Each structure stands twice: as structure tokens, then as C-alpha cells.
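In what follows, every heavy atom counts, from backbone to side chain, and hydrogens, waters and symmetry copies are set aside. In this text, all values refer to a predicted model and were calculated from it rather than measured experimentally.
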Amino acid sequence: QVHLVESGGGLVQAGGSLRLSCTASGRTFSIYAMGWFRQAPGKEREFVAAISASGGSTAYPDSVKGRFTISRDNAKNTVYLQMNSLEPEDTAVYYCATHRGSTVRLGVREYDYWGQGTQVTVSS
């Protein structure tokens with residue numbers, strides 16, 4: 001059974017930075033792609049970032065491009081989301097997710113396994 005645990009959320013002022021981490025267990029981490037999603041109150045869960053199994057390919061929506069960076073350390077079974085220049089609109093619960101393939105995917109429904117989420121709150 002795949003198990004994902006996120007950490008690193010918290011309260012930060014607008015313009016600040018946070019780094020989220022997600023540690024995976026239950027299968028060989030290095031051969032599967034990973035993704036980050038977020039869900040704000042009253043809104044649907046949305047794509048934030050994704051990275052291929054090798055780390056050689058990444059994807060972001062325009063809303064976070066240039067501010068967020070996804071990376072992974074396959075030796076530590078961990079994927080990261082570095083978030084800079086945070087805005088109040090970034091406030092949400094952030095989820096780590098993975099699927100059964102090695103390539104980048106963007107859709108919520110394409111992911112099979114999810115973490116419990118970590119809260120990120122950006123104050124203005």
C-alpha cells in the first residue's frame with residue numbers, strides 16, 4: 001500500500017516562502033511520477049506541480065509558474081515543493097499525490113494515491 005505523508009505547511013506572510021515535503025513508502029519511489037495539488041475552501045482541487053520519475057520533466061499551471069518549484073530526491077523517497085513569493089490566493093490545503101506511471105500528469109483523476117494534506121495559509 002502506498003503511503004504519502006506531507007509536511008512543511010504553516011502560516012506565512014504574503015511575499016514569503018515555504019517548502020513542502022512529501023515522503024512516500026510502500027513501493028519503489030524512483031520509478032513513479034509525483035504531483036502536488038491544492039484545495040481552497042469551497043473550491044475544487046487543482047493541479048499545482050508535477051515531476052516525472054527521473055525528475056527530468058516538470059509541469060506547472062500559469063498561476064504558480066515562476067514562483068513554485070517541484071523537485072525530488074529519490075534516495076530519500078521524498079518530493080518537495082518550494083513556494084516563493086506566496087500570495088493570499090495560495091492559501092489552501094496542499095496534497096501530495098502519485099499514480100502508476102512515470103510521466104507527468106496534470107489531472108486530479110489521473111492520480112491514484114493521495115496524502116492527507118498540509119495547510120498553507122498566506123496572510124496579507
Side-chain angles (χ1 to χ4, degrees):
Q1 181 70 17
V2 178
H3 192 217
L4 303 174
V5 179
E6 303 97 336
S7 62
L11 174 64
V12 64
Q13 289 188 333
S17 298
L18 281 175
R19 188 177 80 155
L20 306 183
S21 300
C22 171
T23 301
S25 61
R27 66 178 188 183
T28 305
F29 179 78
S30 61
I31 62 175
Y32 296 102
M34 301 292 295
W36 286 97
F37 293 77
R38 67 186 181 187
Q39 188 165 18
K43 295 188 177 181
E44 294 186 352
R45 193 168 297 190
E46 64 176 3
F47 170 71
V48 173
I51 188 166
S52 62
S54 68
S57 179
T58 58
Y60 308 89
D62 288 344
S63 58
V64 308
K65 195 173 294 182
R67 300 188 298 122
F68 291 10
T69 303
I70 189 171
S71 61
R72 64 189 297 158
D73 184 340
N74 286 342
K76 295 183 178 179
N77 288 1
T78 300
V79 62
Y80 305 97
L81 184 68
Q82 178 66 44
M83 305 185 294
N84 299 329
S85 302
L86 282 162
E87 304 167 352
E89 293 74 21
D90 295 316
T91 295
V93 176
Y94 283 70
Y95 297 91
C96 172
T98 187
H99 55 80
R100 296 184 176 93
S102 63
T103 58
V104 165
R105 297 180 186 176
L106 311 187
V108 171
R109 296 183 179 183
E110 297 180 280
Y111 285 75
D112 305 295
Y113 305 101
W114 295 82
Q116 291 300 306
T118 185
Q119 176 70 47
V120 171
T121 303
V122 184
S123 64
S124 57

query: Where does the angle between the aromatic ring planes of Phe68 and Tyr94 fall among parallel (under 30°), tilted (30 to 60°) and perpendicular (over 60°)?
result: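 Geometry flag for Tyr94 against Phe68: tilted rings.
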With a cut-off of 3.5 Å and sequence neighbours excluded, list every side-chain donor-acceptor pair involving residues 117-124.
residue, atom, partner, partner atom, Å
Thr118, OG1, Gly9, N, 3.2
Gln119, NE2, Ala92, O, 3.4
Gln119, NE2, Thr121, OG1, 3.3

message: Tell me every residue that passes side chain to side chain contact (heavy atoms under 4.5 Å, CB included) with Ser30, counting only those two or more places apart in sequence or in another chain.
response: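 Per chain and number, Ser30 pairs via side chain to side chain contact (heavy atoms under 4.5 Å, CB included) with Thr28, Asn74.
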Hey, what do you get for [atom1] ([X]) to [atom2] ([Y]), rounding to the nearest 0.5 Å?
{"X": "Met34", "Y": "Thr98", "atom1": "CE", "atom2": "OG1", "answer": "4.5 Å"}
{"X": "Arg38", "Y": "Asp90", "atom1": "CZ", "atom2": "CG", "answer": "4.5 Å"}
{"X": "Asp73", "Y": "Phe29", "atom1": "CG", "atom2": "CZ", "answer": "8.0 Å"}
{"X": "His99", "Y": "Trp114", "atom1": "NE2", "atom2": "CH2", "answer": "10.5 Å"}
{"X": "Arg72", "Y": "Thr58", "atom1": "CZ", "atom2": "OG1", "answer": "12.0 Å"}
{"X": "Thr91", "Y": "Leu11", "atom1": "OG1", "atom2": "CG", "answer": "8.5 Å"}

field: Heavy-atom side-chain proximity of Val12 to Met83 below 4.5 angstrom
entry: no
- prompt: Is Arg100 close to Tyr113 at the side-chain level, that is, under 4.5 Å between some pair of heavy atoms?
  reply: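 Of all side-chain heavy-atom pairs linking Arg100 with Tyr113, at least one is under 4.5 Å.
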Whether [X] side chain and [Y] backbone form a donor-acceptor pair below 3.5 Å:
{"X": "Arg45", "Y": "Tyr95", "answer": "no"}
{"X": "Arg67", "Y": "Ser85", "answer": "yes"}
{"X": "Thr78", "Y": "Ala24", "answer": "no"}

Closest heavy-atom contact between [X] and [Y]?
{"X": "Val2", "Y": "Arg27", "answer": "CG2-CD, 3.4 Å"}
{"X": "Ala49", "Y": "Leu81", "answer": "CB-CD1, 3.9 Å"}
{"X": "Val104", "Y": "Ser57", "answer": "CG2-O, 3.5 Å"}
{"X": "Ser102", "Y": "Ile31", "answer": "CB-O, 3.5 Å"}
{"X": "Glu6", "Y": "Gln116", "answer": "OE1-N, 3.1 Å"}
{"X": "Trp36", "Y": "Leu20", "answer": "CH2-CB, 3.7 Å"}

message: Whether the Ser17 and Asn84 side chains hold a donor-acceptor pair (N or O, under 3.5 Å, no angle test) is what I'd like checked.
response: yes
message: For Ser52 and Thr103, which I'm curious about, is there any donor-acceptor pair between the side chains at under 3.5 Å?
response: no
task: Kindly confirm or rule out a cation-pi arrangement of Arg19 over Tyr80, judged by NZ or CZ under 6.0 Å from the six-membered ring centre and within 45° of its axis?
output: yes
Taking a hydrophobic cluster as the set of Ile, Leu, Val, Met, Phe, Trp and Tyr residues connected by side-chain heavy atoms closer than 4.5 Å, whether directly or through intermediates, do [X] and [Y] fall within one such cluster?
{"X": "Val79", "Y": "Val108", "answer": "no"}
{"X": "Phe37", "Y": "Val93", "answer": "yes"}
{"X": "Leu4", "Y": "Val48", "answer": "yes"}

